[in-house]
Amino acid sequence: MPPPITRRELLAGGAAFAVVSADPVAAKTAPASSEAAPAAVPVDLKVNGKTHRLRLDARVTVLDALREHLHMTGSKKGCDQGQCGACTILIGGRRVLSCLTLAVTVQRKEIQTIEGLAVSGELHPMQQAFIDQDGFQCGYCTPGQIMSAIACVREGHAQTDADIREYMSGNLCRCAAYPKIVAAIKQARAKMVGA
Amino acid sequence: MRPFTFEQAPDLTQASRLGRHTGQGQTDAGVQFLAGGTTLIDLMKLDVLRPKLLVDLASLKAAANPVEVNSKGLRLSAFATMSAVADDASVASQYPLITQSLQLAASPQIRNMATLGGNVLQKTRCPYYRDPSWKACNKRNPGSGCAAIHGFNRNHAVLGVDQSCIAQYPGDFGIALIALDAELELHGPLGLRRMPFSSLHASTADRPHIETTLLGGEIITAFHIPAGPWTSRSLYLKVRDRASYEFAISSAAVALDMDGDAVRSIRIGLGGMAYRPWRSNDAENLLIGKPLTEANATAAAAAALAGAQTHGYNDYKPELARRTLVRALLEAKLLPMPSAGV
């Protein structure tokens, strides 16, 4: 019996098969004239300090590269249209939407995701604060909230409750855990000074 | 998303050459420039924009100095992110209208990505434009009609519209630029040239699929905002359906210079209201030489909305715009006078 494969592995395998016969050189010199799947291009992504060499269709977003190609599913796909913030990650230390960023455009830049926050099994102060303050219900928006919250504190935009609400407005929580998210950010803010 | 070829432009000249088939944003434009991507990638996912070639301008971004201020005015790089300029202290003190128009727009994540050049070229949020399952959209599909005129048009434009299109220009920064007489620095087939910002966005003119007056391959490289006593006494008032991270349903940009109790000079832009960034010379002319009283502000606001055309669900907009403008004018009057020498 062959080992069972997961849905994700099956989909990833199918995607790899679809691009294997394409010629990247031809695609680079002439714009595609048909709707056929284009050539894969080599893409180096540096995620949480480790460089991954991938071959991707140019349409692949950073979010899909993380989830479907690197199997790092911490960053979440909410709307996939830049409206909800669930996919928020840090690129070059700044919070951005990975669903609207093409992977091919961020090669060799420092990408930080929720998976890279804990050090030797110890949670980042913001992760611990979300647990301590009960800053979520379903938890789907939480990785994006935490990445955005860390940037919010580092930017100096977490001085007051009003500031936190304004500068966290790009992260929607349909469970409406907002008051506890504000409390979590205030807790972590004190521990992050100098961090 | 449809397949495309991806090219990174090494410099402006190459970018312009690669982009010569840009079609001012029409759905069938073969080439699109990629800057922040917050509009373009979104609309490609929605199958509204279908470029065959994407030309990435990232290398041009890296070289750009975001903000330069001197006694003649302000130069903003078109490749600067919204957040870089929103956080700049000299812009905030001397051109608060610009800072506010950026800080009140989008979300922190989007402001970290979006560039100023892309911001002024952002597409309308008209839901019939953004959803290709609606066949009738003259902007997306020339000659097909307008689904919004008899549709759900609550946040559609009332100024600068015609029977071909009532889409609203959604931006905030563009309203500040048109109020402050900004000029564009362009690079393209004609080399380097300057153009008033007010000439950038085309009128509907029964052909709403032609959105700008840029030439094929032409790239916005900078915005020049002339200095004047009105720039520091300025503000952007934005009215939204929710407190943050939302497009305007009405906004007003005001820059004011007073001579004692009388208005010496005033610049007024309206957002959330028009087909393109909207300057209200009619309202300005009514105020010059007069005291800025509530009665005079109300008369100016009436003049600003005199040509409004509504289509049902947006009947509320002219009154909201008048009240927005009156409040913005009276708030501008309360701002401190610029200090001497500025």
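First the proteins, then the strands, lettered A, B, ... as listed; each starts at 1.
- Interface remark: B:D56 contributes side-chain atoms only to the contact with chain A (heavy atom separation under 4.5 Å).
- The number of heavy atoms from other shown groups lying within 6.0 Å of CZ (B:R242) is above 12.
- Contact of B:R50 with chain A is not made at all, since no heavy-atom distance falls under 4.5 Å.
- Under the 4.5 Å side-chain criterion, counting only non-hydrogen atoms from C-beta, B:P108 is not in contact with A:H157.
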Go through A:M168 and B:Y245 one step at a time and tell me if the side chain to side chain contact (heavy atoms under 4.5 Å, CB included) criterion holds.
CA-CA 9 Å; A:M168 288 297 291; B:Y245 191 19; over 6 Å; no
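- What you find for A:V104 and B:Q8 is that their closest heavy atoms are O-NE2, 4.0 Å.
- Closest of all the heavy-atom pairs between A:S148 and B:Q109 is OG-NE2, 3.4 Å.
- Neither the backbone nor the side chain of B:T39 comes within contact range of chain A; no heavy atom of the residue lies under 4.5 Å from a heavy atom of that chain.
- Scanning both residues, A:R94 and B:N112, for their nearest heavy atoms gives NH2-OD1, 2.9 Å.
- Chain B forms the most heavy-atom pairs under 4.5 Å with one residue out of A:D80, A:N171, A:T88, and that residue is A:D80.
- Using a 4.5 Å cut-off between heavy atoms, B:L43 does not touch chain A at all.
- Residue A:C152: no heavy atom, backbone or side chain, is found under 4.5 Å from chain B.
- Scanning both residues, A:G170 and B:S107, for their nearest heavy atoms gives CA-CB, 3.4 Å.
- No side-chain donor-acceptor contact under 3.5 Å links B:K45 to the backbone of A:L100.
- Considering every non-hydrogen atom in both B:F6 and A:A58, the closest pair reads CB-CB, 4.0 Å.
- In this structure, A:L102 CG and B:M1 CE are separated by 6.0 Å, a value rounded to the nearest 0.5 Å.
- Heavy atoms of A:Q83 lying under 4.5 Å from chain B belong to its backbone as well as its side chain.
- In this structure the side chain of B:R111 never reaches within 4.5 angstrom of the side chain of A:R95, judged on heavy atoms.
- Looking at A:I91, there are no atoms closer than 4.5 Å to chain B (heavy atoms on both sides), in backbone or side chain.
- Neither the backbone nor the side chain of B:E246 comes within less than 4.5 Å of any heavy atom of chain A.
- How far SG of A:C99 is from CG of B:D42: 8.0 Å, rounded to the nearest 0.5 Å.
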List the steps and the verdict of side chain to side chain contact (heavy atoms under 4.5 Å, CB included) for A:L97 and B:T38.
CA-CA 9 Å; A:L97 300 173; B:T38 52; 5.7 Å; no
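- For the atom pair OG1 (A:T101) and CG (B:L34), the distance works out to 9.5 Å, reported to the nearest 0.5 Å.
- B:R327 CZ: 12 or fewer foreign heavy atoms inside a 6.0 Å radius.
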